[in-house]
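First the structure, in the form of structure tokens, and then the observations on it.
Computed from a prediction, not measured in an experiment: that's the story for all the values here. When a ligand or atom number is given, it counts from 1 through the structure's own listing order. Heavy-atom basis, side chains included; hydrogens, waters and symmetry copies ignored.
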Amino acid sequence: MQQLADQPEIDFHSETYKDAYSRINAIVIEGEQEAHENYLKLAELLSEHKDELIRLSKMESRHKKGFEACGRNLQVTPDIEFAKQFFAQLHQNFQIAAQEGKIVTCLLIQSLIIECFAIAAYNIYIPVADDFARKITESVVKDEYSHLNFGEVWLKEHFEESKAELEEANRQNLPIVWQMLNQVADDAEVLAMEKEALVEDFMIQYGEALSNIGFNTRDIMRLSAYGLRA
Ligand code: Y39
Ligand code: FE
Ligand code: FE
Ligand code: FE
């Protein structure tokens with residue numbers, strides 16, 4: 001069960017909370033930084049959407065600043081080294097795909113997988129966040145839906161020719177997300193964010209995204225659970 005933020009058992013100033021927060025806050029800060037860079041790279045690759053993608057990349061920088069303020073507000077120093085390791089595999093896969101000009105793979109990694117991960121995490125965090133962080137996260141999550149939408153619309157318009165690459169990119173990258181979730185589950189629990197709730201919300205967001213792009217129910221089941229039991 002999710003706790004409510006006004007329940008006294010969440011002590012935002014306890015050492016236990018701050019220790020877990022130093023990693024989760026860092027993940028979010030580093031994630032926003034990498035999302036900023038990823039949208040700039042996508043702006044190069046998709047020149048017909050250059051202005052829009054640069055706009056998205058600027059939103060990611062603002063998110064980063066917002067979450068840095070959340071850490072400062074709790075007097076927590078984010079463990080950025082930990083966060084860089086946390087994202088290393090997805091980050092590397094994005095960069096290799098970008099080098100090879102694989103726009104579909106880049107969009108799947110950033111605009112579908114990472115955005116759905118962010119939306120799930122922020123949705124689950126909002127009811128258990130401190131008041132300062134809750135306000136920031138509420139405004140950030142709205143933006144993340146628009147980033148997810150960009151990927152959905154582009155991939156829907158290019159569905160037939162993207163299908164095979166989407167399957168392959170999903171196969172390579174979705175298991176990494178489940179590993180990341182396992183890695184962060186204990187710290188998330190300290191923040192009163194339940195792993196099962198994160199998994200459920202991610203599956204809903206990702207399944208909806210795949211449906212909007214054009215996959216049928218059978219494909220969605222297969223794709224969205226890929227690697228879940230790995
Ligand atoms: O597009 C975005 O802004 C996403 C990069 C930001 C990263 C979100 C990462 C959230 C994972 C947090 C896991 C906490 C349980
Ligand atoms: Fe619980
Ligand atoms: Fe963001
Ligand atoms: Fe985003």
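Of the N or O atoms in H147, none lie within a sub-3.5 Å distance of an N or O in ligand 1.
Within the 4.0 Å heavy-atom criterion, neither part of M180 lies near ligand 1. Proximity of E34 to ligand 1, defined as any heavy-atom pair under 4.0 Å, is not found for any part of the residue.
No side-chain heavy atom of R62 sits under 4.5 Å from any side-chain heavy atom of H36. Looking only at side-chain heavy atoms (C-beta outward), Y39 and S111 come within less than 4.5 Å of each other.
The ring of F67 has its center closer than 6.0 angstrom to the ring center of Y122.
Summarising the geometry of A133 relative to Y125, their closest heavy-atom pair is CB-OH, 3.2 Å, with the distance given to 0.1 Å.
Per-residue contacts place E144 under 4.0 angstrom from the following atoms of ligand 1 (heavy atoms of the residue considered): 1 (O), 2 (C), 3 (O). Listed by number with element, the atoms of ligand 1 under 4.0 angstrom from any heavy atom of V184 are 15 (C). Residue contact check: E32 has heavy atoms under 4.0 Å from atoms 2 (C), 3 (O), 5 (C), 6 (C) of ligand 1. Here is the list of ligand 1 atoms found below 4.0 Å of a heavy atom in Q110: 1 (O). For ligand 1, the atoms lying closer than 4.0 Å to a non-hydrogen atom of A35 are 1 (O), 2 (C), 5 (C). Atoms of ligand 1 found under 4.0 Å from any heavy atom of I114 (numbered from 1 in listed order, with element): 4 (C), 5 (C). Every atom of ligand 1 is numbered from 1 in the order shown, and the set under 4.0 Å from a heavy atom of E60 is 1 (O), 2 (C), 3 (O). The atoms of ligand 1 that sit less than 4.0 Å from any heavy atom of A121 are 12 (C).
Ion pairing of K135 with E138 is absent here, as no side-chain N (NZ or NE/NH1/NH2) approaches a carboxylate O to less than 4.0 Å. A salt bridge links R55 and E52; the closest N-O separation between the charged side-chain nitrogens and carboxylate oxygens is under 4.0 Å.
Of all protein N, O or S atoms, those under 2.8 Å from the Fe ion (ligand 4) number 5.
Around atom CD of Q75, no more than 12 heavy atoms belonging to other residues, nucleotides or ligands sit under 6.0 Å away. The 12-atom threshold is exceeded at CG of N149, counting heavy atoms of other residues, nucleotides or ligands nearer than 6.0 Å.
Note on ligand 1: Y122 sits in its first shell, one or more heavy atoms being nearer than 4.0 Å.
Here the rule is side-chain hydrogen bond (donor to acceptor under 3.5 Å, both in side chains) with E32, and of H63, K64, K65 only H63 fits it.
In this structure, the protein non-hydrogen atom closest to atom 5 (C) of ligand 1 is G31 O, 3.1 Å. Scanning the protein for heavy atoms near atom 9 (C) of ligand 1, the closest one is F87 CZ, 4.0 Å.
Put simply, L45 and V104 are part of the same group of oily side chains (I, L, V, M, F, W, Y) that touch within less than 4.5 Å, one to the next.
Annotation: the span from E196 atom CD to I124 atom CD1 amounts to 10.5 Å, rounded to 0.5 Å. Between N73 atom CG and Y21 atom OH the span is 8.0 Å, to the nearest 0.5 Å.
Judged purely by atom type and a 3.5 angstrom limit, N170 uses its side chain to pair as donor or acceptor with the backbone of L223.
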